[in-house]
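It should be emphasised that the depicted structure is a prediction, and the values quoted were computed from it without experimental measurement. Sequence lines set the chain letters: A, B, ... in the order given, protein chains first and strands last, and positions in each chain run from 1.
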Amino acid sequence: MEAYLSELNDAQRAPTLQIEGPMIVIAGAGSGKTRVLTYRIAYMMSKGIDAFNILALTFTNKAAREMQHRIAQIVGRSEAKNLWMGTFHSVFAKILRFEADKLGYPSNFTIYDTQDSQSVIRAIIKDMQLDKDVYKYKQVYSRISSYKNSLITVKAYFNNPELMEADAMSKKPRMGEIYQEYVQRCFKAGAMDFDDLLLKTNELLNRFPEVLQKYQNRFRYILVDEYQDTNHSQYLIVKALSDKFQNICVVGDDAQSIYAFRGANINNILNFQKDYEGVEMYRLEQNYRSTGNIVNAANSIIDKNQTKLDKVVWTANDDGPKIVVNRLLTDGEEGRYVASSIFENKMQNQMANGDFAILYRTNAQSRAMEDALRKRDIPYRIYGGLSFYQRKEIKDVLSYLRLLINPKDEEALKRVINYPARGIGATTMDRLSIAANKYGKSIFEVLENLDHLPEIKITKSTRTKLDNFVNMIKHFTILAQNADAFTVADTVAKKTGLVQELKKDGTPEGIARIENIEELLNGIKDFVEEQKELADANGSIAEFLEDVALATDLDKETEDEDRVALMTIHLAKGLEFPYVYIVGLEEDLFPSGMSMNTRSELEEERRLFYVAVTRAEKQAFLTYTQSRYRWGKLVDAEPSRFIEEIDEKFLDYMIPQDDYKYKPLINTDIFGDEVDKSKLRQTKPKAGTPPPAHKPTEEQLRKLRKLRPAATEPAKATNAIQLEVGNEVEHMRFGKGKVLGIDGVGQDRKAEINFENGGIKKLLLRFAKLKLLS
DNA sequence: TCATTGGGCTTTTTT
DNA sequence: AGCCCAATGA
């Protein structure tokens, strides 16, 4: 038997050795599911299955790379090379490029990112002269996105009165028209958005039986990781491809489903056994990652959820230290506490910076942490947020490159035609747009044919500017036919005047932007050299753009630097760190104020908290503040309900427990690191015992009074509200609405309400902040 | 056509 | 507090 199989426990070995047939592996946090997936693939190959016939879909490209790397170590690099592994988006983007002509797309179609898509929608709303306060482009975008993820095409939309009515109810009766126009504009621009990569794959497999057959025969064995986070569109793709051979292995953990907001459907994993015949179910319940305290604390959290599969995660590891809970006065103070705690832990336990992670609910929280780490000279790296490729200067360069590959790419064109400024303004663009629409051509085609279109009113000087632009782009295009991506990008950066423009600016931000462009060019250079080593690639711009479009921050090459990691909890899924700080555990922040209205939303927040805690190997730290800067103002905060939900015996409060909610801040010191340290030492020897209370000095009281704004009672949930069917109510977010129905008793009492702004919602009255109007 | 400014909005999470 | 957009004036 293969040696690596001895690295598995019995529970892990069983699914690893089952090659044929449908199977599901429910894998608790830290139970070694990646190991199972990796070894299963290696085992399949050792049994003579061709790598060419295996498709493994992962949640991030990084996960795919790491797995492939590990498999290569076991079965050899040349064998592993033929494996298809990657995210849904990247795998099917490749297939779509290959089959593009069948769907009427060019094979060099552009992939629009969220920014591009939203910009298209903004333009449509403007062109249709709709009220932008009613038709908010972000809302419209996410609505369209959810249609696509549910496979509701424009046609299906107009055939579905319920959907249209729901949109009309939320004051957006022209939603369908926007959707239609958006799809048309993307198509004309030869562009697919993220959701199209899945939607069009479905279309491809549905409309062309021979194509479906081809890929069914090719991908005889399919594995899907993080199955709990697949959406309907992804579910259908997997279902279609696995239909013939039924060799489908899905792995996931319902307790870690945290992407419902973008259409992930937890029912995919809950109902898997009904979807295929003779499903074998395996459970991985032993956690190897974390201490007993962490595992059990996490269990006590997830226990509060109603919707979950039966599963008990346990560990044979030591109990370890308890989870530390601390309250700080402000977010700045929180940052300082975390930084000094990291510093102490590093010293006491001889740990590296890379052994620490700071996790938060929203990206905006990173700033306070950064400031504190910087002051302490602790190196850190922020993941996520505005990713490198989304920065303005980077997108500018990339847009030029995009335009060379696909001249129909209107978003790219709009971005670069007058940047750096070359005197081509809005008026000219409007005229060009109108002409382009009239002839069904792209703007770039119109530009190329101005001689034949004399009716477009353009002054002589503007004409010269346009011609210059077209000639410049054409010059680049010719260059791109012979040179590699780096040479082209370098030329673009210089010849367009992009870099010059930034140099002229001279501000520190301008200089930082030039550095970013340089970093991009270096990145392209690396990419080109890497690709040239591969037989089936040549380092072209098209290849680079494909890579970039679907890259995430986690995918970026690790410089092997030893840094504290800062990221949202969503990004941290699948990762692990010896020490984890989870900050901002406050009501309205975590759980997010946007996700407290229904039980299912709240349960997703709770799963998110579960994910956060289970990232920790040795110890977890939870912090919350009494007041925090939000929207530029200092606002009062209240400890998160999630803290209370953890069984107390796993917690070590650094503040008196009976005082841990509200009350003026007296015991926690807020003025400097020295005292912070002494406090840390104080609690160490007698864990669990709160430090003695100190009387505040006059000086401290004065500062406190200054810092705390006049106490405002936080808007409290109207849990005592007595609702009846037919009542008119008002909701903070959804606006006015009418109660359609009420059911459930006590804590579970919920009302079905038809809102003007949100359509029909079921709200748990315990949490919903409703005002009774009549 | 371009640059500046003020107002409004933002903070959920991401492929 | 910061970002993005529209309005305004040169």
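With rounding to the nearest 0.5 Å, the separation of CG in A/Leu498 from NZ in A/Lys503 is 12.0 Å.
Look at CD on A/Glu604: it is 8 Å from C1' on B/dT13, rounded to the nearest Å. Straight-line distance from the CG atom of A/Asn231 to the P atom of B/dT13: 19 Å, rounded to whole Å. For the pair A/Arg628 CZ and B/dT10 P, the computed distance is 20 Å after rounding to whole Å. The interatomic distance linking A/Tyr383 (OH) with B/dT14 (P) rounds to 15 Å, in whole Å. The distance between atom CG of A/Leu608 and atom P of B/dT13, rounded to the nearest whole Å, is 11 Å. Across the protein-nucleic acid pair, A/Leu602 atom CG and B/dT12 atom P stand 16 Å apart, rounded to whole Å. Here the P atom of nucleotide B/dT12 and the CD1 atom of A/Ile569 are 15 Å apart, to the nearest Å. Taking atom CD of residue A/Gln115 and atom P of nucleotide C/dC4, one finds them 9 Å apart after rounding to whole Å.
Cation-pi geometry between A/Arg381 and A/Tyr383 is met: the NZ or CZ atom falls under 6.0 Å from the ring centre, inside 45° of the normal. Seen from the ring of A/Phe609, A/Lys304 does not count as a face-on cation partner, given the 6.0 Å and 45° thresholds. Geometrically, A/Lys200 does not engage A/Tyr105 in a cation-pi contact, judged by NZ or CZ lying under 6.0 Å from the ring centre and within 45° of the ring axis.
Of the candidates C/dA6, B/dT14, B/dT15, C/dA6 carries the atom nearest the A/Lys126 side chain, counting heavy atoms from C-beta on. Distance from the side chain of A/Arg361 is smallest for B/dT12 among the nucleotides B/dT12, B/dT15, B/dT1. Nearest to the side chain of A/Arg367, among C/dG2, B/dT1, B/dT12, sits C/dG2. Side-chain proximity of A/Trp631 to the nucleotides B/dT14, B/dT12, B/dT10 is greatest for B/dT10. The nucleotide whose nearest atom lies closest to any side-chain atom of A/Thr568 is, among B/dT11, B/dT15, B/dT13, B/dT13. Closest to the side chain of A/Thr428, from the set B/dT1, B/dT12, B/dT15, is B/dT1. Distance from the side chain of A/Ala364 is smallest for B/dT11 among the nucleotides B/dT11, B/dT15, B/dT12.
Applying the 3.5 Å distance criterion, the base of B/dT15 shares no donor-acceptor pair with the side chain of A/Thr87.
Ring to ring, A/Tyr215 and A/Phe98 are not that close: their centroids are 6.0 angstrom or more apart.
A 4.5 Å side-chain heavy-atom check between A/Met594 and A/Glu605 finds every atom pair outside the cut-off.
Look at A/Thr427 and you'll find a side-chain N or O under 4.0 angstrom from OP1 or OP2 of B/dT1.
Closest-nucleotide positions on DNA chain B for A/Thr462 and A/Arg262 were compared, and the one nearer the 5' end corresponds to A/Thr462. Along DNA chain B, the nucleotide nearest A/Gly632 and the nucleotide nearest A/Ala426 are compared for position; the residue whose nucleotide lies closer to the 5' end is A/Ala426.
Within the 4.0 angstrom heavy-atom criterion, no nucleotide atom of any strand lies near A/Ser90. At the heavy-atom level, A/Asn418 lies under 4.0 Å from the strands shown only through sugar-phosphate atoms. Residue A/Lys138 is classed as a sugar-phosphate contact, given heavy-atom separations below 4.0 Å to backbone atoms only. At the heavy-atom level, A/Asn363 lies under 4.0 Å from the strands shown only through sugar-phosphate atoms. The residue A/Phe590 sits apart from the nucleic acid: no heavy atom pair falls under 4.0 Å.
Using atom P as the reference point in both C/dC4 and B/dT13, the two lie 15 Å apart (nearest Å).
Stacking of the aromatic ring of A/Phe88 onto the base of B/dT15 is not found under the criterion of centres within 5.5 Å and planes under 30°.
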